[in-house]
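Worksheet: the structure to be examined is printed underneath.
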Amino acid sequence: MRALQPRRIVALGLVGLFGLGVAACQAVAGIEDRTLDPNAPDPGDPDTTEQCQDYCDTVMAACIGTNAVYTSEAHCLGICAKLEPGDPNEPVGNNVACRLRQAQIAELSEPEETCRSAGPGGDGICGSDCDAYCTLFPQICPDQYLHGETEACLKACGGLADQSSYNLSADHGGDSIECRLVHTASATVDPVEHCKHAPIVRPEKWCVPDPEAEPTCEEYCKIELAACDGDLLQYESEQQCFDVCEALDPGNNGDEVGNTVGCRRYHAFSATLGADNHCPH
């Protein structure tokens, strides 16, 4: 373990760092209803550049192997440049300051517990994975971002599988928010290649379910209940959705027509962009 630089932890002993890090970042910060953030940090600002370098030096040294959260320093710096700096004295929320504090804790002794919250998603400590995705993806991949305002993005993101883990190798594929965060980070370096892999609806190649596999009722009901609410509500409760789902032919994830769960799951995802048309389906 390498020595901590003085600028990272000032007058904080081991006990103080653990107390502040664990207690201060427990809140999950919401993000405002907006499109691209006009107040996003300027990656050319000297203070932002220094903070991002500090953060990336720390997280790349502390979070390695199965705990790694970035493939390279360039990916880390690319994500950092799109996040709010935050307040180093109150490192809470979906920002760099909170992630830096979590990386510092990981560097001392708890990488298994804190590396994921130090990474791009925040893991519910430095904002939720959906908070992070709906902040980062619109800025990094504006041509692939289809959900408009942040509220719509968060609603759609809430229907994705959350694996409560983050592994750069395992999460390079799979229909999850983690996969989309992996490719969003990669898109900071190569947007042409990776932006198309990371949208919530109709991603290409990687962040998709196996088309031959059967969808589960949990997968279907999670996205359906997230996408179809209010006047377009199709089920009175999650249990009712499960009961109907279990009575249907599951079909497979590649179904776009037919009386199957797979077909309904396809239209539930499409409903995140066109609820009026797809919720009745």
Side-chain angles (χ1 to χ4, degrees), residues 1-2 4-5 7-8 36-37 39-86 88 91 94-107 111 114-123 126-127 129 131-145 165-174 176-199 203-207:
M1 180 180 72
R2 66 191 178 83
L4 297 176
Q5 297 298 319
R7 68 170 182 259
R8 293 201 190 122
L36 298 186
D37 184 0
N39 298 313
D42 177 3
D45 180 86
D47 291 338
T48 299
T49 301
E50 182 177 357
Q51 184 193 39
C52 284
Q53 190 64 61
D54 197 13
Y55 163 60
C56 291
D57 285 348
T58 306
V59 76
M60 294 298 293
C63 300
I64 59 176
T66 58
N67 295 314
V69 290
Y70 294 106
T71 304
S72 71
E73 182 182 61
H75 294 142
C76 177
L77 291 170
I79 289 292
C80 183
K82 302 301 183 183
L83 290 168
E84 295 292 339
N94 182 29
N95 55 53
V96 181
C98 183
R99 286 168 171 79
L100 173 57
R101 181 57 54 88
Q102 293 298 302
Q104 289 168 341
I105 296 172
E107 190 175 41
T114 54
C115 276
R116 190 180 180 212
S117 53
D123 193 30
C126 298
D129 288 349
D131 287 339
Y133 173 85
C134 292
T135 295
L136 295 166
F137 189 70
Q139 298 182 76
I140 296 166
C141 302
D143 291 341
Q144 293 285 340
Y145 179 64
S165 63
Y166 192 77
N167 182 285
L168 293 175
S169 177
D171 292 320
H172 191 266
S176 66
I177 183 58
E178 289 83 1
C179 178
R180 287 162 173 85
L181 285 168
V182 168
H183 288 276
T184 297
S186 296
T188 63
V189 173
D190 189 351
V192 173
E193 176 64 23
H194 291 280
C195 279
K196 60 191 176 184
H197 301 154
E204 295 184 18
K205 190 175 181 179
W206 292 111
C207 300

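The first residue in the sequence is number 1, and the count goes up from there.
Scanning for side-chain hydrogen bond (donor to acceptor under 3.5 Å, both in side chains) contacts around His194 gives His183, with sequence neighbours left out. In this view, Asn67 satisfies the side-chain hydrogen bond (donor to acceptor under 3.5 Å, both in side chains) rule with no residue, not counting sequence neighbours. Shown here are the side-chain hydrogen bond (donor to acceptor under 3.5 Å, both in side chains) partners of Thr188, two or more places apart in sequence or in another chain: there are none. Qualifying salt bridge (charged side-chain N to carboxylate O under 4.0 Å, His left out) partners for Arg116, counting only residues two or more places apart in sequence or in other chains: Asp123, Asp129, Asp162, Glu178. Looking at residues two or more places apart in sequence or on another chain, you find a side-chain hydrogen bond (donor to acceptor under 3.5 Å, both in side chains) between Ser72 and His75.
A distance-only check finds a donor-acceptor pair linking the side chain of Tyr55 to the backbone of Ala118 [under 3.5 Å]. With hydrogens and angles disregarded, no donor-acceptor distance shorter than 3.5 Å links the side chain of Tyr133 to the backbone of Thr184. Here the side chain of Asp54 pairs no donor or acceptor atom with the backbone of Glu50 at under 3.5 angstrom. Not one N or O on the side chain of Gln102 forms a donor-acceptor pair closer than 3.5 Å with the backbone of Cys98. In terms of modelled atom types and a separation under 3.5 Å, the side chain of Gln51 and the main chain of Pro85 share a donor-acceptor contact.
Judged by distance alone, the side chains of Arg101 and Gln104 do bring a donor and an acceptor atom under 3.5 Å apart.
Across Ala68 and Leu168, no two heavy atoms sit closer than the pair O-CG, 3.7 Å.
Going from atom CD of Glu193 over to atom CD of Glu204 covers 9.5 Å, rounded to the nearest 0.5 Å. Ile79 contributes atom CD1, which lies 7.5 Å from atom CG of Leu181 (distance to the nearest 0.5 angstrom).
In this structure, cysteines Cys115 and Cys63 have SG atoms closer than 2.5 angstrom. Here the two cysteines Cys76 and Cys52 have their SG atoms 2.5 angstrom or farther apart.
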task: Begin from the C-alpha positions of Cys80 and Cys56 and carry the test disulfide bond (SG atoms under 2.5 Å apart) through to its verdict.
output: CA-CA 8 Å; Cys80 183; Cys56 291; 5.3 Å; no
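Residue pairs meeting the salt bridge (charged side-chain N to carboxylate O under 4.0 Å, His left out) criterion with at least one member in residues 63-81, sequence neighbours excluded, do not occur.
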